[in-house]
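Heads up, the thing below is written out as structure tokens.
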Amino acid sequence: MALSATLVHHYSPRPSLSCNSCSSSPSCSSSSSSFDQRRGFNWKFLSFSGINNILRSQSYKAHAMSTTEGSIVSPKGLMDMEEEPEHLLVLVHGILASPGDWTYVQAELRRRLGRNFLIYASSCNTYTKTFTGIDGAGERLADEVRLVVNKRESLKKISFLAHSLGGLIARYAVAALYSSNGSEQTDDTVTSTNANLKPVGSLNEGLIAGLEPVNFITLATPHLGVRGKNQLPFLFGLPILEKIAAPMAPIFVGQTGSQLFLTDGQPTKPPLLLRMASDCDDGKFISALGAFKCRVLYANVSYDHMVGWRTSSIRRETELVKLSEADL
């Protein structure tokens, strides 16, 4: 996505019930009233205070962890670290990308936040692995997070910062990692000294990978998929191009393409992105998000040729704010 694009920042302190305040981050001050409560969500426009302020409100130090592209960080590398960070921040890249895309962000967050954060750039879904489906990539990310958590007993909290498709992968992963009673419903349960820790101020008394979930942040993520008018901006909103894009997508980007265009459904099973909008047999998707104290999404208003404003801000076409040339 274009990094220079105009950004709009939406914030939900309690994504599944109405609320008028931000209890988890004093630096987040609302500049307008809530505008979306059709699903019980209370999204708000906020002044752009930056990701750093959101994270800093939870802790004050960070430690960056380097990864080898294409492979999960080795257990030995984890054990050799002398620092004992308490807060794991997982960075998740987008489609056809790698952890190298986070190099600058990782270094800057480390400089600003200090040593109490373990900043980990995911490396399990590099390049064409992002074509294998959001669910498959999400399971791999969940396995990767389990490995990191199992090797760092000092960890108590967890946050996610995800870009583009990485936001959907992270949403699937947190559902796989979610537990309401301190133990995941999987064969490979996370062993944690903090298994009984309860998150403070969140909707659900749940854990993510056995840790207290704090921040879940997405950057230009197509939460609603890319099907529909102007949801894939480089098609210029032309109906003929948008019509042929859906059947062509799986040829170029595999199962992920079908899922993004919502064409992966079956007579007895809705498309994956629709299932991810609720708690279902595939996972507790809403409960997992609800366990985080702070949920933030950033949407590009313009100059993003891959992800439309509507899908990245989770709104209907009629709900988009009309902007003038001066605003852009």
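The first residue in the sequence is number 1, and the count goes up from there.
Between the CD1 atom in Ile217 and the CG atom in Leu161 there is a gap of 5.5 Å [rounded to 0.5 Å]. Here Glu86 contributes atom CD and Glu212 contributes atom CD; the two are 10.5 Å apart, rounded to the nearest 0.5 Å. Considering CZ of Arg152 and CD of Glu84, their distance stands at 7.5 Å, rounded to 0.5 Å. Here the straight-line distance linking atom CD of Gln231 with atom CG of Leu260 works out to 11.5 Å at 0.5 Å rounding. Between Ile208 atom CD1 and Ile158 atom CD1 the span is 7.0 Å, to the nearest 0.5 Å. Remark: Phe117 CZ to Leu155 CG distance equals 11.5 Å, nearest 0.5 Å.
Between the side chain of Thr132 and the main chain of Lys129, a donor-acceptor pair closer than 3.5 Å is present. Checking side-chain atoms of Thr311 against main-chain N and O of Val226 turns up no donor-acceptor pair under 3.5 Å. A distance-only check finds no donor-acceptor pair linking the side chain of Ser287 to the backbone of Lys284 [under 3.5 Å].
Checked against side-chain contact (heavy atoms from CB on, under 4.5 Å), Ala162 has the following partners two or more places apart in sequence or in another chain: Val92, Ala170. Taking the side-chain contact (heavy atoms from CB on, under 4.5 Å) definition, one finds that Thr218 meets it with Phe216, Thr221, His223, Leu297, sequence neighbours left out. Listed by chain and number, the residues in a side-chain contact (heavy atoms from CB on, under 4.5 Å) with Ala137 are Asn125, Arg140, Ile169 (sequence neighbours excluded).
For the pair Leu273/Leu224, no side-chain contact is recorded, criterion being any heavy-atom separation below 4.5 Å from C-beta on. Within the 4.5 Å cutoff, side-chain heavy atoms of Leu88 are placed close to those of Tyr120. Within the 4.5 Å cutoff, the side chain of Leu211 has no heavy atoms near those of the Leu207 side chain. Under the 4.5 Å side-chain criterion, counting only non-hydrogen atoms from C-beta, Arg146 is in contact with Leu177.
Of all non-hydrogen atoms in Val307 and Ala220, the two that sit nearest each other are CG2-O, 3.6 Å. Closest of all the heavy-atom pairs between Arg171 and Met276 is NH2-O, 3.1 Å. Smallest separation of non-hydrogen atoms from Ser123 and Pro99: CB-CG, 3.8 Å.
Residues Ser159 and His87 bring a donor and an acceptor atom of their side chains to less than 3.5 Å of each other. Between the side chains of Ser122 and Glu144, at least one donor N or O sits under 3.5 Å from an acceptor N or O.
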Which donor-acceptor pairs under 3.5 Å do side chains of residues 248-256 form with protein atoms, sequence neighbours excluded?
residue: Thr256; atom: OG1; partner: Thr130; partner atom: O; Å: 2.5
residue: Thr256; atom: OG1; partner: Phe131; partner atom: O; Å: 3.4
residue: Thr256; atom: OG1; partner: Gly133; partner atom: N; Å: 3.0

Open item on the list: Determine whether Trp102 and His163 satisfy the following criterion, side chain to side chain contact (heavy atoms under 4.5 Å, CB included), listing intermediate values before the conclusion.
Closed with: CA-CA 10 Å; Trp102 290 107; His163 173 243; 4.0 Å; yes
Open item on the list: Apply side chain to side chain contact (heavy atoms under 4.5 Å, CB included) to residues Leu89 and Leu91 and explain how you reach the verdict.
Closed with: CA-CA 6 Å; Leu89 171 58; Leu91 308 179; 4.0 Å; yes
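Counting only residues at least two apart or on different chains, the ring pair (Phe, Tyr, Trp, His ring centres under 6.0 Å) pairs with a member in residues 254-289 are Tyr172-Phe285. Applying the salt bridge (Lys or Arg N to Asp or Glu O under 4.0 Å) test to residues at least two apart or on different chains, the pairs with a partner in residues 259-276 are Arg275-Asp282.
Taken together through direct or relayed side-chain contacts under 4.5 Å among Ile, Leu, Val, Met, Phe, Trp and Tyr, Leu274 and Leu168 form parts of separate hydrophobic clusters.
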